[in-house]
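Let me begin by presenting the structure, written as structure tokens, before commenting on it.
Both ligands and their constituent atoms are indexed starting at 1 by order of listing.
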Amino acid sequence: MSELKTLAVLGCGARGRLYAEVAAAAPEKFRLVAACDPVAARAARVGAMSANPTFREFSDEADFFAAGRLADALVVATQDHQHHAHMRHALDLGYDILLEKSIAATLDDVLDIEARVARTRSRVMVCHVLRHAPFFTAMRDILASGEIGELVNFEASEGVEPWHMAHSFVRGHWSKPQETLPMLVIKSCHDMDLLSWLVGRPCEAVSAFGALAVFASKNAPAGSPARCTDGCPAGDTCFYNAEKYAGPEGRHRLGMVYDDPDASPEKVRAWLRRSPWGRCVYRCDNTAQDHIGVGLRFEGGVTGTFTLTAFDSGRHYAFYGTKGVLRGGPSYRTFSGADILVQPHGGGEPRRMRIDVPGGGHGGNAPLVHAFHAELCGRGDGRTRLDASVHSHVMAFAAERSRATGKTVEIRGNRF
Ligand SMILES: NC(=O)c1ccc[n+]([C@@H]2O[C@H](COP(=O)([O-])OP(=O)(O)OC[C@H]3O[C@@H](n4cnc5c(N)ncnc54)[C@H](O)[C@@H]3O)[C@@H](O)[C@H]2O)c1
């Protein structure tokens with residue numbers, strides 16, 4: 001069996017292009033052969049990466065699927081509410097698939113995809129990139145090694161980061177869970193996935209609270225207009241001033257939603273006058289929660305808490321075991337110089353680990369794509385296979401049910 005796998009990309013936005021770039025940089029493993037996006041320039045950007053003169057670009061998904069199976073494998077990186085339909089078509093054509101999270105927009109559709117994959121026996125991996133990131137694999141190795149003894153309970157938190165919150169969950173794609181997916185699924189399915197992997201046991205019950213506290217009209221500065229570009233009196237001091245997109249500090253996130261990365265500040269300002277990303281964060285139609293707390297109980301009685309907040313940055317953990325405590329996260333690095341500290345009970349120096357990722361970021365994207373290649377070649381380790389990810393999606397949907405109803409939700413297998 002050839003180790004060179006042909007790859008097509010459906011949805012050439014921020015994530016689709018990122019995976020295509022990793023594949024293009026590994027020509028001994030992947031050959032990019034086709035891409036589809038209704039924004040033709042995005043499919044063309046993947047085509048330009050491919051160095052493939054016979055690369056096929058599509059701007060209509062109907063034409064893309066009508067063309068039959070064009071590659072060994074397909075990256076599905078469209079928006080979450082499209083995944084179910086796109087997975088059905090792709091599975092019917094026999095593709096192996098690298099599927100962006102969330103698996104689907106509803107639990108029924110997640111379970112339907114699981115059943116279809118069981119029937120077609122396609123190789124499907126979910127882009128839970130953090131299971132492939134060095135920081136998380138190090139924590140997983142420590143927990144599995146027994147260094148802190150038996151795990152008893154844990155605290156975990158995810159700081160979305162205020163500007164990211166404003167960009168994605170106030171102004172952006174995922175600001176209205178009622179039209180897309182619950183915050184606990186769209187954002188925290190990564191966290192539920194990490195916790196189920198790190199704890200290493202099925203989750204049995206969840207209980208959650210959460211609301212929107214800050215990004216609401218009651219907090220708008222006096223006299224602020226609907227758009228930051230309309231001369232806001234608080235513009236000079238407002239942390240969330242959308243005009244930052246036109247300057248160097250806003251370019252990173254701008255590039256995720258605006259197709260001309262080198263546009264002049266004037267051109268970006270003109271775009272802000274009509275784009276959702278130009279709106280005052282206190283005057284959007286957002287409903288996504290900016291703070292959520294979840295209690296979890298796992299098989300064998302391990303318990304823990306998970307906090308999502310817009311008002312911190314990065315993921316932090318404390319795992320309490322019978323022999324010691326494992327702590328990790330970016331604040332530990334700020335205060336101690338180490339990303340992970342393992343403190344045995346009874347005192348003594350903690351073991352300190354520093355995890356440096358070349359190029360910054362969490363470092364999980366490229367290893368995920370390489371793991372997908374291994375999976376396609378029949379030697380994957382199964383870390384983010386669909387079946388591993390379904391349970392963590394169930395946890396996330398169950399937590400949202402609890403948040404919405406105020407009741408503890410018991411999980412049995414993949415049902416609640
Ligand atoms: N794994 C992660 O860490 C992570 C991070 C961010 C987003 N995501 C997920 O990745 C997915 C994509 O997010 P994104 O930020 O790249 O969004 P995006 O909007 O940048 O990309 C989606 C692309 O799909 C295209 N598209 C829309 N309809 C299409 C169709 N019918 N056929 C083909 N293409 C179509 C859009 O034009 C767009 O280019 C979402 O499911 C999101 O939740 C995952």
Verify the neighbour count for atom [atom1] of [X]: are there more than 12 heavy atoms of other residues, nucleotides or ligands below 6.0 Å?
X	atom1	result
Arg140	CZ	yes
Arg379	CZ	yes
Phe209	CZ	no

In the structure I gave you, are the side-chain heavy atoms of Arg171 and Val281 within less than 4.5 Å of one another anywhere?
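SC-SC contact between Arg171 and Val281 confirmed.
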State, yes or no, whether a side-chain contact exists between His128 and Lys101 at a heavy-atom distance under 4.5 Å.
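The answer is yes, as the side chains (C-beta and beyond) meet within the 4.5 Å cut-off.
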For [atom], what's the nearest protein heavy-atom neighbour? Residue, atom name and distance, please.
atom	result
atom 24 (O) of ligand 1	Gly11 CA, 3.6 Å
atom 44 (C) of ligand 1	Glu100 OE1, 3.0 Å
atom 37 (O) of ligand 1	Asp37 OD1, 2.7 Å
atom 9 (C) of ligand 1	Lys101 O, 3.2 Å
atom 31 (N) of ligand 1	Glu61 OE1, 2.7 Å
atom 35 (C) of ligand 1	Pro38 CD, 3.2 Å
atom 21 (O) of ligand 1	Gly13 CA, 3.2 Å

Pick from Lys187, His81, Gln79, Gln82: the one approaching atom 27 (C) of ligand 1 most closely through a non-hydrogen atom
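Nearest heavy atom to atom 27 (C) of ligand 1 lies in Gln82.
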Determine, considering heavy atoms only, which of Thr78, Asp60, Asp80, Val126 sits nearest to atom 42 (C) of ligand 1.
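Nearest option to atom 42 (C) of ligand 1, by heavy atoms: Asp80.
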Atoms in ligand 1 flagged as close to [X], the criterion being non-hydrogen separation under 4.0 Å:
X	value
Val129	3 (O)
Arg42	36 (C), 37 (O), 38 (C), 39 (O)
His83	41 (O)
Cys127	1 (N)
Ala77	12 (C), 22 (C)
His173	19 (O)
Trp174	15 (O), 42 (C), 43 (O)
Leu10	32 (N), 33 (C)

Test your reading of the structure: does Ser102 have an N or O sitting under 3.5 Å from an N or O of ligand 1?
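No, no N or O pair falls under 3.5 Å.
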Ala14 N/O under 3.5 Å from ligand 1 N/O:
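Ala14 vs ligand 1: N/O contact under 3.5 Å present.
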What's the spacing between Glu243 CD and Cys238 SG if we round to 0.5 Å?
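Answer rounded to 0.5 Å: 11.0 Å.
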Roughly how far, to the nearest 0.5 Å, is CG of Leu326 from CE of Met139?
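One gets 6.0 Å once the value is rounded to the nearest 0.5 Å.
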When the ring planes of [X] and [Y] are compared, do they come out parallel, tilted or perpendicular, using 30° and 60° as the limits?
X	Y	answer
Phe397	His393	tilted
Phe239	Trp163	perpendicular
His86	Phe65	tilted

What pair of heavy atoms forms the shortest contact from Lys176 to Asn286, and how long is it?
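The pair with the smallest heavy-atom distance is CG-CA, 4.5 Å.
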Judged by non-hydrogen atoms, does His190 sit under 4.0 Å from ligand 1?
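In this structure, His190 qualifies as a contact of ligand 1 - some heavy atom is under 4.0 Å.
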So for His86, does at least one of its heavy atoms come nearer than 4.0 angstrom to any atom of ligand 1?
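Heavy atoms of His86 do come under 4.0 Å of ligand 1.
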So, Asp80 versus Ser102: side-chain donor-acceptor pair below 3.5 Å or not?
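Note: Asp80 and Ser102 side chains meet the donor-acceptor criterion.
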Measure Arg15 to ligand 1 on non-hydrogen atoms and call it side chain, backbone, both or neither using the 4.0 Å cut-off.
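Both the backbone and the side chain of Arg15 come within reach of ligand 1.
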Test your reading of the model: is there a side-chain donor-acceptor pair from Arg351 to the backbone of Leu341, 3.5 Å cut-off?
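Such a contact is absent between Arg351 side chain and Leu341 backbone.
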